[in-house]
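Some notes on the structure that comes next.
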Amino acid sequence: MCGIIGYIGDRDAQPVLLDGLQRLEYRGYDSCGMATYIEKKRALSVRKLPGKIKDLEKLLKSKPLMGNCGIGHCRWATHGVPNQANAHPHLDCKGEIALVHNGIIENYSVLKKELSGEGHKFLSQTDTEVIVHLIEKYYKHVPIEEAVRKALHKLEGSFAIGVISKKEPLKLVGARLGSPLVIGKGKDENFLASDISALLDFAKDVIFLEDKEMAVLTAQGIKISKLTGEPVTREAVKIAWDVSQAQKQGWPHFMLKEINEQPKVLDNILSRRVQQGKNRVFFEELAIPDKRLSSVDSILIVACGTAYHAGLCGKYILEDLCGIPVSVDVSSEFRYRNPLVSKNNLVLSISQSGETADTLAAVREAKNKGAATLTICNCLGSSLVRESDGVIYTHAGPEIGVASTKAFTAQLSILYLFALYLAGLKKTLPQTKIAKLLDKISAIPRLQTEILKKQDLVKMSARRHHHFGSFLFLGRNVNYPVALEGALKLKEISYIPAEGYPAGEMKHGPIALIDEYRAVVCIAPESRIYEKMVSNIQEIRSRRGIIIAIASDGDEKIKDLTREVIYIPKTDEFFSPLVTAIPLQLLAYHVAVKRGCNVDQPRNLAKSVTVE
Ligand code: AGP
């Protein structure tokens, strides 16, 4: 929801904070700011504004911040509109403490009333500001970290914070509960950040703070403790990501770069997960014993957004290959419906960030009910990874575009491979069949590359349809969730109302919407149910609907039904989502660009939804 960054060391803090904020901007971009301690003035200084990091950069050119210790923030507003007063950092009454925060303080109004009654002056409408005034209240004859500790015990809700103080300028304090916070270890310098993408330029060794932990950073040292005070020892881990992976590298947008990375991502997954020649799948980090996995009698998938759509594909994949029932829930529904979960279930969470609050809560609910929990995740050391019994990393590299693309096909790929792994454990498939299916999936990166080579055709189709006021996406079987995903991609970056539907359901309502003003994207690759899709297309055509068909190379018949055909290479229907998703991602991207939308930072969205 928001991004925070902190620095203490020998360098000037401003450029480090600015670079970190630029890498965190995808987490929130309606306002931003930073604060540093200025030795000469023996005071804290703040620059903040409603707007983007580039606006802050312009402000800093005219009014730079000196100092070697500072904190920065990019905001996705929850309490209080994006304006100067509500932007972070926030200061205490005397301007001697500065704080940045990611999360939501649920009891802030009670605390604000109490603190106002004690004479504290509030300048913002935010929940965050109560934290810095609480710290001020307790910051009497104790070190800043003890004042922070006392203040945090008063809070209900979630937080990841960075704090600096004028009285102890050689300290940078961080703490977390429910929102992510990672420490970067440097030589005579240390860093705090919401996620590792902000540290890629500066530190390769990182320490992930766990919930209810605090860190006191100086230029030379890092002290971690529980919020209750007990010291914590934690080893640093090395970041595998390279800074270039989190840069556009000449692409106009991160989203287009990430769409085009998909063949490489799948190749990388296959080379890591399939023992060549032996046709054996393995997950070195899985950590759930095979015995426990093979005894699982049903799988419950929980996820949000795009990851939820991957989970819906997972139902078809896992039930087909492993012969056990699979349910799929939106995390925010799962956690509140008192789900029937037992120790014989596997709860499989899917999350690119590993920090989605609803999915985290769903996994906690499942663990409380005794289920084994496994997460398919892209971010090393994220909360979901730490709180699940096992993890399978997608290794898709940093996904910066807010609209998830390569993470989706990476999640699908892991679902296929995990299903084959489980089918081997449960002996629901002979090894020869597993080998054949591995062979088929290993051909997919080449097919994806073929589509990407012709992406200009999708661009032309997008240009011809960018003016439509609404879209309907239809698919069947394992491409029904892909229809949902195509609709999500389009609506979240072009703001055009779009909905995905199982094609068989069209006659049960949506057909009433069909007319010459609505574009209907029909996913109709070569498959057992191709003829059914053709009937749907005919029904749309007879009502003058405008059709864009996703069809297999060589399909001449479809041309009799619509001129707008986006061809994809022939592939086994079972694996087709790994291919059909790509033209839909490109269609959404080019429609949004044509409509002048901010593709990488769509309005109102954030990359990682770390609050409910
Ligand atoms: C997808 O394009 C969106 N950005 C959003 O729906 C996202 O998939 C959802 O918030 C889940 O995020 P996660 O995978 O990090 O848990």
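Heavy atoms only: backbone and side chains are in, while hydrogens, waters and symmetry mates are out. Order of appearance sets the numbers: ligands from 1, and atoms from 1 within every ligand.
Judged purely by distance below 3.5 Å, without hydrogens or angles, the side chains of Ser197 and Asp195 pair a donor atom with an acceptor atom.
At a 3.5 angstrom cut-off on N or O pairs, Lys607 does not count as close to ligand 1. The N/O atoms of Gln411, backbone and side chain alike, include none that comes under 3.5 Å of an N/O atom in ligand 1.
Looking only at heavy atoms of the protein, atom 10 (O) of ligand 1 is closest to Val609 CG2, 4.0 Å. Of the protein's non-hydrogen atoms, the one nearest atom 14 (O) of ligand 1 is Gln352 N, 2.7 Å. Protein heavy atom at the shortest distance from atom 4 (N) of ligand 1 is Val402 O, 2.7 Å. Ranking protein heavy atoms by distance to atom 9 (C) of ligand 1, first place goes to Cys304 O, 3.8 Å. Of the protein's non-hydrogen atoms, the one nearest atom 15 (O) of ligand 1 is Ser353 OG, 2.7 Å. For atom 2 (O) of ligand 1, the nearest non-hydrogen atom of the protein is Glu492 OE2, 2.4 Å. Here the protein heavy atom with the shortest distance to atom 6 (O) of ligand 1 is Gly305 CA, 3.2 Å.
In this structure, Arg234 pairs ionically with Glu213, as a charged nitrogen and a carboxylate oxygen lie closer than 4.0 Å. Look at Glu25 and Lys52 and you find no salt bridge, because none of the NZ, NE, NH1 or NH2 atoms lies under 4.0 Å from a carboxylate O. By the 4.0 Å N-to-carboxylate-O rule, Asp201 lies close enough to Arg23 to be salt-bridged with it.
Ring centroids of Phe473 and Tyr501 are separated by 6.0 Å or more, keeping the two rings apart.
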Could you give me the CA-CA distance, side-chain angles and deciding distance for Gln585 and Gln262, then say whether side chain to side chain donor-acceptor pair (under 3.5 Å) is met? CA-CA 11 Å; Gln585 294 165 351; Gln262 291 178 101; 2.6 Å; yes
Test ring-ring contact (aromatic ring centres under 6.0 Å, His included) on Tyr589 and His253; report intermediate values, then the result. CA-CA 9 Å; Tyr589 171 80; His253 297 101; 5.4 Å; yes
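Distances from atom 5 (C) of ligand 1 to the heavy atoms of Thr394, Thr306, Leu605 show the closest one on Thr306.
The number of heavy-atom neighbours closer than 6.0 Å to NZ of Lys212, taken from other residues, nucleotides and ligands shown, is 12 or below.
Distances shorter than 4.0 angstrom do not occur between any heavy atom of Thr359 and any atom of ligand 1.
Neither the backbone nor the side chain of Glu355 has any atom closer than 4.0 Å to an atom of ligand 1 (non-hydrogen atoms only). Contact annotation for Lys489 and ligand 1: only side-chain heavy atoms (C-beta onward) come within less than 4.0 Å of the ligand. Contacts with ligand 1 closer than 4.0 Å are made by side-chain heavy atoms of Thr356 only, the backbone lying farther away.
The backbone N or O of Glu258 sits nowhere less than 3.5 Å from a side-chain atom of Glu399 that would complete a donor-acceptor pair.
Every atom of ligand 1 with a heavy atom of Ser404 under 4.0 Å away is listed here by number and element: 1 (C), 2 (O). Of all atoms in ligand 1, numbered sequentially from 1 with element shown, those under 4.0 Å from a heavy atom of Ala403 are 2 (O).
Figure legend: Arg176 and Phe159 shown without cation-pi pairing, the cationic atom not lying both under 6.0 angstrom from the six-membered ring centre and within 45 degrees of its axis.
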